[in-house]
Amino acid sequence: MLIVMKADATDHQIEAVVRVIEELGYKPHPMPGATRTAIGITGNQGSVDPSHFETLPGVAEAIRVSKPYKLITRDLRPEKTTVRVGDAAIGGDELAIIAGPCAIESRNQGFAVAEAVRRSGARFFRGGAFKPRTSPYAFQGLGEEGLRILAEIREAYGLKIVTEALDEAGVDLVERYADIIQIGARSMQNFSLLRRVGRSPLPVLLKRGLSATLDEWLLAAEYIMAEGNYRVVLCERGIRTFAQHTRNTLDLAAIPAVRRISHLPVIVDPSHGTGKNFMVTPLARAGVAVGADGLIVEVHDQPDHALSDGAQALTLEQYEQLVSEVRAIHEVIAPAAVT
Ligand code: PEP
Ligand code: MN
């Protein structure tokens, strides 16, 4: 059930509806919007009787939700959500650029890349401390030591830190050092992990699973929001197909498809989406052209020596060029990307 308040509903009237929802044993999710507040209801097993709400002061309508999702949808919040992270944002007017190495390998490596990321004007730095590797013998990340380096980078350059948590214990650590928790493609349906980050004060970058449909991906976001964390950023990072010319098939049609259903910001990862250095910039351009709110891009000071994902890492020079190109494209399509 979705309660839509009248445009002139008072805070007092909204609070009264929230109280009724709680008294019924359900969880209220008030979403203030530009023109009106809507309140999502979760925690109900069967359908909720609209007559509890229809006569309450300030209520415009009580709508039964027939779709599988309640909180990610534009029915609840017609305008786009901007996820704010301190003085930076994803989903606002500015194209959000998140860049950095696949993994933090050393202090020197992290700082060398961060310096270039800062210089480009990007506001977000990525770098894995806990890496989900296919082989148990591959480099697994520096763990907490990697997080400490990330925190130093934040201090030195004012960049917001995006880093992955692989499990619930990892979330406890990431919360201490970072600004955005990344949930990787392989964890997209780790439901206890989704619930845990749903109770985090930090925003969540939710990557699309390797073989996830749009509905499965959006329902994963719904898990996070149902716990009360509404600061979710979706990330298209490519899916498994029969194609062999790329590591994954970057599904750029997912951007307008998500946009039609959800108010959440959505960004593109052309690095994992292609797996190949020479394809990253062309697909980054395309991602911005289809209306993504931002990009997450892997950059390395010495791609040939990278301990993970070297084949898709941009050099510092290539990255600098990419940023100037995608900014120009964003300028052109920004008015269309608003909706
Ligand atoms: C990453 O960002 O380095 C990563 C492992 O991404 P994904 O979960 O999309 O594979
Ligand atoms: Mn990677």
Side-chain angles (χ1 to χ4, degrees), residues 90 96-105 109-110 113 117 122 124-136 138-143 146-147 150 160-167 170-171 174 178-190 193-194 197 203-212 216-217 220-221 224 232-241 246-252 254-255 266-277 279-280 283-284 287 292 294-315 319:
I90 305 177
I97 296 175
I98 305 169
C102 180
I104 296 295
E105 299 167 7
Q109 173 248 19
V113 180
V117 171
F124 300 90
F125 184 75
R126 64 148 292 147
F130 301 100
K131 295 305 304 175
R133 302 306 300 279
T134 301
S135 165
F139 175 59
Q140 304 284 310
L142 296 181
L147 294 178
L150 286 167
K160 312 294 178 202
I161 303 298
V162 182
T163 196
E164 177 163 358
L166 289 177
D167 49 31
V171 177
V174 166
D179 300 291
I180 299 184
I181 306 167
Q182 178 173 323
I183 297 297
R186 289 155 193 82
S187 301
M188 190 206 82
Q189 283 190 317
N190 180 338
L193 184 60
L194 296 176
V197 296
V204 178
L205 177 67
L206 178 66
K207 291 202 158 192
R208 181 178 179 185
L210 278 76
S211 62
E216 288 164 343
W217 184 22
I224 300 169
V232 178
V233 177
L234 298 165
C235 177
E236 163 59 39
R237 49 78 73 203
I239 49 172
R240 254 316 145 79
T241 69
T246 49
R247 180 180 179 186
N248 293 292
T249 297
L250 189 63
D251 177 14
L252 289 177
I255 308 307
V266 54
I267 68 168
V268 163
D269 176 346
S271 306
H272 296 87
T274 62
K276 299 197 173 157
N277 173 290
M279 292 183 179
V280 172
L283 272 292
L295 297 171
I296 180 165
V297 188
E298 290 189 346
V299 187
H300 201 288
D301 58 328
Q302 293 177 287
D304 292 345
H305 294 100
L307 297 181
S308 63
D309 287 351
Q312 67 196 33
L314 295 183
T315 64
Y319 165 70

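Just follow the structure's listing: the first ligand is 1, and inside any ligand the first atom is 1.
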Below the 3.5 angstrom mark, is there an N/O of [X], backbone or side chain, next to an N/O of ligand 1?
X: Glu298; answer: yes
X: Asp309; answer: no
X: Ala185; answer: yes
X: Asp269; answer: no

Do [X] and [Y] come within less than 4.5 Å of each other through their side chains, counting heavy atoms only?
X: Thr246; Y: Lys276; result: no
X: Arg133; Y: Phe139; result: yes
X: Phe124; Y: Ile97; result: no
X: Ile98; Y: Ile90; result: yes

Just checking, is any N or O donor in the side chain of Glu105 or His300 under 3.5 Å from an acceptor N or O on the other one? yes

Side chains of His272 and Glu298: is there a donor and an acceptor less than 3.5 Å apart? yes

What is the closest protein heavy atom to atom 2 (O) of ligand 1, and at what distance does it sit? Arg126 NH1, 2.8 Å

Considering only the protein, which heavy-atom contact is closest to atom 6 (O) of ligand 1, and what is its distance? Lys207 NZ, 3.0 Å

Please report the shortest heavy-atom distance between Leu314 and Tyr319, naming the atom on each side. CD1-CA, 3.9 Å

Non-hydrogen atoms of Arg247 and Asp309 that approach each other most closely: NH1-OD1, 3.1 Å

With a 4.0 Å cut-off on heavy atoms, is Arg208 touching ligand 1? no

Check contact between Cys102 and ligand 1, using heavy atoms of the residue and a distance below 4.0 angstrom. yes

For Arg237, atoms of ligand 1 separated by under 4.0 Å from a heavy atom: 7 (P), 9 (O), 10 (O)

Should you measure from each heavy atom of Gly184, which atoms of ligand 1 turn up under 4.0 Å away? 8 (O)

Among Ile267, Val268, Leu210, side chain to side chain contact (heavy atoms under 4.5 Å, CB included) partner for Arg237: Leu210

Which protein N, O or S atoms sit under 2.8 Å from the Mn ion (ligand 2)? Cys102 SG, His272 NE2, Glu298 OE2, Asp309 OD2

So, Asp269 and Arg208, do they make that salt bridge, N to O below 4.0 Å? no

Just jot down the side-chain hydrogen bond (donor to acceptor under 3.5 Å, both in side chains) partners of Ser211, sequence neighbours excluded, or say none. none

